[in-house]
Number of protein chains: 2
Amino acid sequence: MAGIRAKQKEKTRQALINAAMNQLSAENGFSSLSLREVAREAGIAPTSFYRHFRDMDELGLTLVDECGLALRQLLRQARQRIESGGSIIRVSIETFMQFVADNTATFRLLLQERSGRSRSFRLAVVREIDHFKAELEDYLVNEQSFTRELAELQSDTIAKIVFSAGADCFDVDEEEREIITEKTILQVRLVARGAEATRRLLKRES
Amino acid sequence: MAGIRAKQKEKTRQALINAAMNQLSAENGFSSLSLREVAREAGIAPTSFYRHFRDMDELGLTLVDECGLALRQLLRQARQRIESGGSIIRVSIETFMQFVADNTATFRLLLQERSGRSRSFRLAVVREIDHFKAELEDYLVNEQSFTRELAELQSDTIAKIVFSAGADCFDVDEEEREIITEKTILQVRLVARGAEATRRLLKRES
DNA sequence: TCTAATAGCGTACACCTGTACGCTGAATGT
DNA sequence: ACATTCAGCGTACAGGTGTACGCTATTAGA
């Protein structure tokens, strides 16, 4: 009952996923990489691909899901680390940027397919970003006592800033990446300060 | 000296550009559209393509340039309209969103190739966004008396927000687009308020 | 008016693509 | 022990791709 068979299947499935990620990291966008080449790099015959995925698209969606999942887990870990003191903004953004550096290929896929390809791709990406926003929003409401409305506006803004900053890291070396990270921290603080000012403004009115 | 020959050449060149834009607006990313199909839609033989562009890439870069140029001109016009009174933020963002709605195909190309394809593509896109930021930054320094440093931070933030919001408009209808526009206006005001608060903070320190 | 330049065409070629089909050998369940 | 399942293979095919090459007809320039 070891499932020696299922184990092997899972192994080549992962080989396909890795192959796709490698070819992605090179230069080509996802849409320009071919079933045959992916299969070749994974070390199986082209036709065997279909034992694991219906399409290349199905493989792509898997990549998007995995990328989003990994990011969420990482950020949740980071948030726990914060509970023992430290700036949430700094730790979160540093974690995020490190993730982008470690998973450039899939993160690039995420951003690229956000505004292209098939509708299902776009929806999948939006879903991942929404997860990110929702967790941030809850934090702002529960820990910082923001209104739901203002928290929503704020988290959406921060998500836009952070994901864009992630995209800025693609071509650059580590030194430059640190500069971008510091800049992003300042930008998020700018937003936080704006939100704080807005909150006071609304309180005074009422 | 009418240049009857050059005129015809320019005409088919435009036909190629239009054909590419059409095929882009459909569903396919730029990398997945082919020289042959573009030539077919433009009504010329595949091999005649080379009389106008070395590559598909060269055509793509042309599209990026044209898109950026059109956007800049539009925003400059909008800014002139503002000089006779009106909210800069509102007018600029509404103009921007209208542009995205009218030029979805090329704007999508812009954002897509921002994080993919060849390096030259990415650089071209970055250049266009930098134009956008530079004009905004100058405005903040000259008209709003911000420090260069704070203006730079602010314009970069706003550019990230606005371009992301543009991407959010791709799939949606006009009603939804107006909602996004209003939201974006609020977000940019958030940043402006944060920058204002930061400026006061710095002034008090010195 | 005569010559050079050139936009566009048609043919041809080598290459790559997705996938239909049927087979094989090993793991599985009985 | 035996029958079933199924991951992976090889062959095959039709269709799409970029582009090299040489031709034609029209315009530009002398």
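Every chain is numbered from 1 and lettered A, B, ... according to where its sequence line falls, protein lines coming before strand lines.
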Under the ring pair (Phe, Tyr, Trp, His ring centres under 6.0 Å) test, which residues partner [X], sequence neighbours left out?
X        : result
B:Phe49  : B:Phe53
B:Phe163 : B:Phe96, B:Phe107, B:Phe132
A:Phe99  : none

OP1 or OP2 of C:dA7 less than 4.0 angstrom from a side-chain nitrogen or oxygen of B:Thr12, does that happen here?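 B:Thr12 to C:dA7 OP1/OP2: no side-chain N or O under 4.0 Å.
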For atom [atom1] of [X] and atom [atom2] of [N], their distance in whole Å:
X       : N      : atom1 : atom2 : result
A:Glu10 : D:dC6  : CD    : P     : 17 Å
B:Arg5  : D:dT27 : CZ    : P     : 8 Å
A:Lys11 : C:dA27 : NZ    : P     : 13 Å
B:Lys9  : D:dT26 : NZ    : C1'   : 15 Å
B:Ile4  : C:dT6  : CD1   : P     : 17 Å
A:Ile44 : D:dC6  : CD1   : C1'   : 14 Å

Pick out the pairs of N or O atoms, protein on one side and nucleotides 15-17 of chain D on the other, that lie under 3.5 Å.
unit_1	atom_1	unit_2	atom_2	d
D:dT17	OP1	B:Ser34	OG	2.7

Got a sec? Which of residues 47-60 of chain B come in under 4.0 Å of DNA chain C, heavy atoms?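 Contacts with DNA chain C under 4.0 Å: B:Thr47, B:Ser48, B:Arg51, B:His52.
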Identify, with sequence neighbours excluded, every residue that meets side-chain contact (heavy atoms from CB on, under 4.5 Å) alongside [X].
X        : answer
B:Leu123 : B:Arg119
B:Gln73  : B:Leu69
B:Thr181 : B:Ile93, B:Glu94, B:Met97, B:Ile185
B:Glu137 : B:Arg148, B:Ala151, B:Glu152, B:Ser155

Report yes if the side chains of B:Thr184 and B:Asp168 come closer than 4.5 Å at any heavy-atom pair, otherwise no. no
